[in-house]
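A quick write-up on the structure given underneath.
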Amino acid sequence: MSKYHFNDIEDKWQKYWAENGTFHANNKSEKPKFYVLDMFPYPSGAGLHVGHPLGYIASDIYARYKRHKGFNVLHPMGYDSFGLPAEQYAIQTGQHPRRTTEENIKRYRKQLDKMGFSFDWSREVRTSNPNYYKWTQWIFIQLFESWYCKEHEKAYPISELIKIFVEEGNVAINKACQIETETFTAGEWNSFSEKRKEGILLQYRLTYLAETEVNWCPELGTVLANDEIVNGVSERGGYPVVRKKMMQWSMRITAYAQRLLDGLDKIDWPQPLKDTQTNWIGRSEGATVRFEIDGHDGKIEVFTTRPDTIFGVSFMTLAPEHELVDRVTTMEQRFEVSKYIEATSKRSERERMADVKSISGVFTGAYALHPFTGDRIPIWIGDYVLAGYGTGAVMSVPSGDQRDYDFAKHFEIPIPNIFEGVDISEEAFADKEKTIITNSDFLNGLNYKDATKRVIEALEQKQVGEGKINYRLRDAVFSRQRYWGEPFPVYYRDGMPQMIDVEHLPLTLPQVEKYLPTETGEPPLGRADEWAWDTKKNSVVPNHKIDHETVFPLELNTMPGWAGSSCYMFRYMDPNNEEELASKVAMRYWENVDLYLGGSEHATGHLLYSRFWVKFMFDRGYLLVEEPVKKLINQGMILGESAFVHRLEGENKLISAGKIKGQDLQPIHADVSFVNTSNELDIEAFKKWRPDFENAEFVTEDDGSFKVTREVEKMSKSKYNVVNPDDICERYGADTLRMYEMFLGPLEQAKPWNTAGITGVHSFLKKFWKLYHSGKEGGFAVDDSKPSKGSLKTLHKTIKKVEEDIEAFSFNTSVSTFMIAVNELTTQNCKSREILEPLTILISPYAPHVAEEIWNLLGHSESISTAPFPVYDQDHLVESSKEYPVSFNGKMRFKLELPLDLDKGEIEAAVMAHEKTAQYLDGRTPKKIIVVPGKIINIVG
RNA sequence: GCUGAAGUGGUGGAAUUGGUAGACACGUUGGACUUAAAAUCCAAUGGCCAUUAUGGCCGUGCGGGUUCAAGUCCCGCCUUCAGUACCA
């Protein structure tokens with residue numbers, strides 16, 4: 001075999017790896033462990049395009065490298081197989097989502113196998129598999145059975161909370177944990193009915209049922225989380241979203257806000273991603289203040305980050321949805337107010353967001369009382385105040401906040417100045433650092449920091465407010481009105497949710513006729529005939545048996561997409577365990593993910609929820625670590641280069657790119673497979689694909705070719721710019737694909753795919769192959785000859801560089817290093833086993849198939865994966881002497897031939913002794929000479 | 001608006017701590033082999049000027065600064081991309 005027949009080699013080794021279980025990780029090993037994980041894919045019907053495997057290739061390179069380095073590597077893969085597309089396909093075709101999902105998974109697996117990844121497939125998990133989602137349901141039950149103690153910043157079993165209620169009521173615990181519910185004594189608690197007790201406990205559980213205002217998407221017939229909405233429309237499909245009140249399961253992620261923030265310091269994640277999570281959590285320090293209402297027993301509570309400006313308050317503003325609006329509005333203003341509230345409620349979220357500039361509001365006629373001066377402060381309603389943040393009410397300080405300022409100007413409300421030496425005639429003054437408070441009684445003359453401290457003390461003393469930390473983070477709605485998701489292990493007795501006993505899990509999805517919501521607006525599970533829970537038999541029974549004594553209705557909602565992906569990384573450690581999510585032994589060994597690769601789009605979804613669940617599981621002792629992932633890398637997206645032909649507006653005439661000059665044109669996507677690397681369109685293929693252009697006139701270039709224009713867009717089927725990895729593997733081989741994807745540019749950067757450049761990497765692999773096959777008649781020729789000094793240097797230079805590059809995830813530059821090495825060794829006609837064997841190991845993480853084949857030809861019976869990584873030997877990098885360039889005023893002046901065994905001082909002395917050197921052009925003498933071995937000598941003046 | 005990242009040849013991109021800018025690859029041009037094409041190999045390739053070999057000047061988005069020395073550090077701008085957005 002003298003030619004590089006990549007297809008044969010790849011088939012052979014993929015088969016060998018599968019048969020020998022080469023990449024099976026063992027839970028018991030003397031070696032140190034290393035856990036490399038990819039974000040598992042949703043198996044979509046479109047299959048993989050060349051963009052998808054980028055991260056998998058990078059993680060695979062790292063996994064193989066770590067194996068060479070002597071680690072026991074866990075590198076699993078699975079499928080996030082619950083999801084909306086399969087359900088929508090089911091709605092259209094009536095086919096069960098399980099079936100389409102399984103078909104898609106088969107296709108994915110085939111494509112992944114073709115690329116030669118070193119996944120341990122024996123550990124595969126699928127979120128839609130009952131053996132797996134049993135554990136998702138189990139975690140849900142644990143969350144239900146837990147509450148969060150703010151005082152200790154930790155989750156505890158709900159039984160401990162009940163004990164506290166029985167013994168001392170909830171006054172103390174509410175105060176300590178900053179929970180605001182009705183208070184009761186121990187005696188009262190004990191006299192409550194079971195139902196009432198359950199209702200109270202529900203307000204403390206980490207997952208709870210509550211009527212919440214949710215983002216309802218009528219088109220999708222479901223509720224969406226904040227991170228599933230982009231620009232006011234659904235992320236999937238782009239449908240409008242409206243606010244609606246519904247009874248929903250929620251996750252009390254807000255309990256963990258501070259710990260989620262603190263944990264970021266301990267993990268090695270990209271700074272932009274950490275910043276996104278920090279912003280999302282949105283911690284702000286300030287105070288709550290309670291304003292009494294004149295002639296009314298209610299109080300308006302506000303949150304402010306600027307309590308120091310409290311003497312600048314000239315009005316209060318409530319969100320239109322605020323519960324006090326109705327109660328405080330005076331008779332005179334009632335008409336105006338209801339008119340305003342109706343108008344704002346009609347405006348969709350999207351309009352409200354788009355229209356930030358226009359100011360609207362209405363006076364309620366009521367007045368609040370200033371906590372210190374007792375002044376009457378008018379209470380207004382304005383839609384610039386959001387119901388969902390803080391308390392939904394603000395104390396408006398027009399001199400210190402631009403929005404308050406604009407509102408006051410618009411409605412001609414006074415703007416008292418409380419800042420010393422500041423002109424507020426044009427705009428508000430919001431610079432905390434330069435603030436000196438004036439016209440403010442006991443705060444006069446103080447800066448922001450001192451004034452804040454003083455005013456909080458005063459508020460607390462008068463019991464009208466206190467210092468408070470507020471978070472932007474909202475509790476996560478956990479219910480979805482869908483079929484293709486995890487069913488809740490929940491039935492309802494007397495309207496109160498009850499958990500199904502853990503030993504009767506999983507609760508599996510029932511059959512339904514259609515996957516649409518019911519006519520009455522219930523979720524698809526409302527269509528199931530058999531969806532009731534028999535508490536005696538502990539099994540699902542037909543709905544007509546519901547008697548509310550022993551048989552109860554089951555929850556109709558299913559869980560959201562992120563439920564299954566929050567703890568899956570732990571299931572890989574022990575995927576077939578029937579008793580636990582994973583055994584303690586396995587978890588103690590694998591700890592958590594050492595390296596996680598995936599896209600940055602999961603910053604505020606999966607990655608935040610996962611951290612939340614893991615912290616909870618840690619609190620309750622089910623997990624031994626507090627963070628799921630130690631190091632995370634966001635790979636950049638590979639974009640597509642779409643091709644466009646241009647049609648003359650209103651005519652059946654297509655204009656080649658070079659003939660476009662200012663005509664009215666309509667760009668039309670052309671499939672990129674009809675376009676060659678010089679942007680020439682295959683007109684016949686295009687006509688066949690779009691028969692509507694069969695008779696179109698093609699205005700070509702002068703040479704008769706028809707050219708398209710190119711544009712970089714997201715790679716997608718609908719843009720006809722998808723490049724299929726199978727085709728690339730067929731034509732150039734998986735090794736070429738893998739190396740080329742790495743060579744394309746820095747891993748973390750978004751970059752367009754361009755097949756044209758692939759020949760460079762492909763010819764490198766051919767050269768690499770030829771390095772071993774240049775014997776007589778092209779036979780395999782490696783010998784035991786002593787390597788030349790040059791070859792040794794090439795090898796050790798390569799080891800050093802490649803090792804550094806892999807550790808820094810600069811996979812693109814290490815491919816260049818290989819190219820240089822192979823070129824040099826070819827020039828040197830190197831045949832020495834001492835060089836070529838380690839070189840093979842170096843390349844194997846990038847080009848595993850060809851390396852494995854060569855390794856085999858070199859006479860090894862074991863797979864190359866277990867070979868030890870070559871050790872770099874500095875001695876071989878250094879020659880006996882070297883010509884040193886000497887730099888001088890930044891420009892190279894001359895070169896000096898010096899032996900290399902000199903130390904720095906000796907080299908400096910040698911340079912100083914050289915009479916021409918020791919002077920600058922202006923005659924000054926350098927004070928110091930800096931020697932950088934192997935590179936340059938610097939003279940410092 | 002806020003936060004973050006980034007601006008280097010025709011193109012993708014290298015450049016370790018401030019130390020020969022443009023590695024490596026694509027593309028382009030020329031050459032070898034071939035009846036021819038493909039494949040392969042060799043050479044040139046930032047710009048401008050000079051050319052008898054040796055050379056010279058400019059050059060990392062723009063304007064300043066620090067330094068013997070700046071793509072890299074500092075100050076002030078411009079542009080692009082991403083995230084987020086009435087968060088009190």
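Just so it is clear, the model here is predicted, and its values are computed rather than measured. In what follows, chains are A, B, ... by sequence order, proteins preceding strands, each numbered from 1. In what follows, every heavy atom counts, from backbone to side chain, and hydrogens, waters and symmetry copies are set aside.
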Ring centres under 6.0 angstrom apart (Y4(A), H773(A)): no
Could you work out the separation of [N] and [M] based on their [atom1] atoms and round it to a whole Å?
| N | M | atom1 | result |
| --- | --- | --- | --- |
| U60(B) | A6(B) | C1' | 13 Å |
| U45(B) | C24(B) | P | 12 Å |
| C49(B) | G12(B) | P | 26 Å |
| A69(B) | G1(B) | P | 38 Å |
| G47(B) | G59(B) | P | 16 Å |
| G83(B) | U28(B) | C1' | 40 Å |
| C68(B) | A15(B) | P | 28 Å |
| A14(B) | A23(B) | P | 13 Å |

Provide the Watson-Crick or G-U wobble partner of [N], both distances under 3.5 Å; none if there is no partner.
| N | result |
| --- | --- |
| C2(B) | G83(B) |
| A36(B) | none |
| U52(B) | none |
| U67(B) | none |
| G46(B) | C58(B) |
| U72(B) | none |
| G7(B) | C78(B) |
| A88(B) | none |

To the nearest Å, give me how far apart [atom1] ([X]) and [atom2] ([N]) are.
| X | N | atom1 | atom2 | answer |
| --- | --- | --- | --- | --- |
| W380(A) | A88(B) | CH2 | C1' | 18 Å |
| K432(A) | A88(B) | NZ | C1' | 11 Å |
| E711(A) | C81(B) | CD | P | 12 Å |
| H762(A) | A38(B) | NE2 | C1' | 13 Å |
| R472(A) | A88(B) | CZ | C1' | 14 Å |
| W769(A) | U40(B) | CH2 | P | 17 Å |
| E824(A) | A23(B) | CD | P | 15 Å |
| M316(A) | A88(B) | CE | P | 16 Å |

Name the orientation class of the two ring planes belonging to W380(A) and F411(A) (parallel below 30°, tilted from 30 to 60°, perpendicular beyond 60°). tilted
Tell me whether the rings of F315(A) and F407(A) are parallel (<30°), tilted (30 to 60°) or perpendicular (>60°). parallel
Nearest listed nucleotide, side chain of [X], among [options]:
| X | options | result |
| --- | --- | --- |
| V394(A) | A88(B), C24(B), U84(B) | A88(B) |
| T305(A) | A88(B), U40(B), G83(B) | A88(B) |
| T759(A) | C86(B), A39(B), C26(B) | C26(B) |
| I820(A) | U40(B), C87(B), A23(B) | A23(B) |
| V385(A) | A25(B), A88(B), G4(B) | A88(B) |
| L386(A) | U40(B), U3(B), C87(B) | C87(B) |

Give a yes/no on whether any side-chain N or O of [X] is located under 4.0 angstrom from OP1 or OP2 of [N].
| X | N | result |
| --- | --- | --- |
| N812(A) | A14(B) | yes |
| R403(A) | C87(B) | yes |
| Y384(A) | A88(B) | no |

Assign each of D404(A) and T813(A) the nucleotide of RNA chain B bearing its closest heavy atom; nearer the 5' end lies the nucleotide of T813(A)
By nearest-heavy-atom nucleotide on RNA chain B, the more 5' of T276(A) and G760(A) is G760(A)
Any ion pair linking [Y] and [X] (charged N to carboxylate O, less than 4.0 Å)?
| X | Y | result |
| --- | --- | --- |
| E466(A) | R290(A) | yes |
| K299(A) | E301(A) | no |
| E824(A) | K797(A) | yes |

Assign K274(A) to base, sugar-phosphate, or nothing according to its heavy-atom contacts below 4.0 angstrom with the strands shown. nothing
Do D805(A) and T813(A) have side-chain atoms, one donor and one acceptor, less than 3.5 Å apart? yes
When you measure from the side chain of [X] to the backbone of [Y], do you find a donor-acceptor pair of N or O atoms at a distance under 3.5 Å?
| X | Y | answer |
| --- | --- | --- |
| N812(A) | L744(A) | no |
| N470(A) | S284(A) | no |
| T304(A) | R306(A) | yes |

RNA chain B contacts among residues 741-755 of chain A, heavy-atom distance under 4.0 Å: F743(A), L744(A), P746(A), Q749(A)
So, is G9(B) syn or anti if syn means the angle is within 90° of 0? syn
